[in-house]
Structure formats: C-alpha cells, structure tokens
> 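I am attaching a structure below and will ask some questions about it afterwards.
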Amino acid sequence: MTQQTSKGVSRRGFLKGSSAAVAASTVVAPTVSEGAEPGLEVVSGETSITLMVNGKSMKATIEPRTTLLEVLRYEFDLTGAKPVSLDGSSGASTVLVDGRPVMASTTLALTVVDKEIITCEGLNDNAVPSAFVEHDAQQCGFCTPGFVVAVRAFLNRNPDATEEQIRTGLNGNICRCGTYANVLQAVIALVKGN
Ligand code: FES
C-alpha cells in the first residue's frame, strides 16, 4: 500500500525522489582533481628537480617524500638547517622560501621548485650572526642557524619591532640551552641599529 503525505506526495515517491537528488548531487559534486590548484600533478618514483638555493641553481634526484631539509643537508651539503624536530616544532630547520620563513623539515622539496630558497649560509648580510656573537646568544649552537634565519625574516618585516613583538615573532624557535634573554638582546640591538 502506498502512503500519501499531507501534500499528496507518496512516501515511496519521496524516497525515490530523494535518492535521485543524492545521485544527482554525487554526479555534479566537484572531484578532488577538479578542485586542485592548477599545475599540481601526481608524482611517483625518483624525480629530478632543480632548486634555486642561495642564488644558485642546484639539481638533485629525489623521491616525492623527500623533504627540503633532506635535500639541503644530504644532497647539497648545506648543513646549517638542523633536523632537531622533524615536525618543525623547534624551528631549527628554518629557511626562507620566497622571503618567508618555513620549516625545511616539514616542506616537501617538490613543492619549492621554482621558488627562491635562502638558508643561513646564504644570508646576504652578516648583521644577525654578528649580533648573536656580540650578545653571546648561543651556547651549543644547534638552534642558532634556525634562529638567525627567523630573526632575519622577522626584521625584514618588522624593522622597528618592539620587545613584545620580538618575543611574539620568534616564539616558533626553541633553544634547549635557554639563550632566549641573549637572543632578545641581540634582536633589540639590531632594531636600535647598535
Ligand atoms: S644554543 Fe643550544 S639549543 Fe640553543
């Protein structure tokens, strides 16, 4: 027996209509590939890439899962960025990609092809490292390259930063030796032009 709703549509007819609507929405829903950023492609197996690092064009053959940190350290012998925390939480692998600080340990090398990569070895001025030395802002030094790159990126965007802004701006970098007070003094001195 077919039941009728108050508006005269049968329950069976309603369900059939609903199913059709669901099927239709499935057909017209955008697929993942349709929504993907133009230019992205699926890559598998060993792949040859060219990265622009510290102003030089450098080639490597990598697997898709290879991180930028692995390429820098083990293919290009640029060992400044450190594998302290592979989830990026220490900030020790900080490098600049198109001027922005990123964690090389959590960045796939394939995603930075055609971008400008600057590591601590390629910073074009010595002001930040000199300030770190002047203010004794390192002990074991393991965090220092990442800190130096993070400070350079921060000061490029905030040349007149206050102490509070410096504290906030550098909170992604961790120093197990606890040199924070001296790092802070180094950055304050840089802002003041000392
Ligand atoms: S100086 Fe040792 S971790 Fe920062």
Side-chain angles (χ1 to χ4, degrees), residues 49 51-56 58 60 62-63 65-113 115-194:
I49 60 169
L51 298 182
M52 185 60 69
V53 183
N54 299 334
K56 295 179 186 162
M58 306 178 88
I62 62 165
E63 294 181 13
R65 63 184 171 83
T66 305
T67 66
L68 174 58
L69 181 63
E70 290 168 330
V71 174
L72 292 173
R73 290 182 64 83
Y74 309 129
E75 300 290 334
F76 301 159
D77 204 24
L78 293 168
T79 56
K82 297 287 188 286
V84 173
S85 58
L86 296 183
D87 65 355
S89 58
S90 71
S93 69
T94 306
V95 299
L96 301 182
V97 174
D98 285 348
R100 300 176 64 84
V102 305
M103 301 304 134
S105 62
T106 57
T107 301
L108 291 176
L110 279 173
T111 66
V112 291
V113 172
K115 298 181 187 292
E116 183 188 29
I117 301 154
I118 302 290
T119 69
C120 66
E121 293 93 341
L123 292 178
N124 59 9
D125 77 73
N126 209 33
V128 179
S130 295
F132 270 59
V133 171
E134 179 77 17
H135 293 271
D136 199 17
Q138 64 281 312
Q139 289 188 35
C140 78
F142 229 73
C143 71
T144 309
F147 249 121
V148 165
V149 174
V151 168
R152 180 72 277 159
F154 174 76
L155 290 177
N156 286 347
R157 295 192 311 273
N158 307 278
D160 302 314
T162 64
E163 179 176 330
E164 194 57 38
Q165 288 172 324
I166 296 168
R167 289 177 183 274
T168 302
L170 298 178
N171 67 7
N173 289 71
I174 292 173
C175 175
R176 283 190 248 191
C177 299
T179 61
Y180 300 110
N182 292 25
V183 169
L184 183 61
Q185 292 310 310
V187 181
I188 290 173
L190 286 163
V191 170
K192 290 181 177 174
N194 296 337

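In each ligand, atom 1 is the first atom listed, and ligand 1 is the first ligand listed.
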> Decide if atom CZ of F76 counts as having more than 12 heavy atoms of other residues, nucleotides or ligands within a radius under 6.0 Å.
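More than 12 within 6.0 Å, yes.
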
> For R152 and N156, run side chain to side chain donor-acceptor pair (under 3.5 Å): C-alpha distance rounded to whole Å, both residues' side-chain angles, the deciding distance at 0.1 Å, then the answer.
CA-CA 6 Å; R152 180 72 277 159; N156 286 347; 3.2 Å; yes

> Would you please classify the geometry between the F147 ring and the Y180 ring as parallel, tilted or perpendicular, with 30° and 60° separating the classes?
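Judged by the thresholds at 30° and 60°, the geometry between Y180 and F147 is perpendicular.
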
> For the residue pair L51 and A109, what are the closest heavy atoms and their distance?
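Looking at all heavy atoms of both residues, the shortest contact is CD2-O, 3.9 Å.
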
> Verify, without hydrogens or angle tests, whether T168 (side chain) and Q165 (backbone) share a donor-acceptor contact under 3.5 angstrom.
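Not at all, since once roles are kept as given, no pair shorter than 3.5 Å links the two residues.
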
> Does R100 have any salt bridge (charged side-chain N to carboxylate O under 4.0 Å, His left out) partners at least two apart in sequence or in another chain, and if so, which?
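With neighbours one apart ignored, the set is empty.
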
> For atom 4 (Fe) of ligand 1, which protein N/O/S atoms are closer than 2.8 Å?
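C143 SG, C175 SG, with waters left out.
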
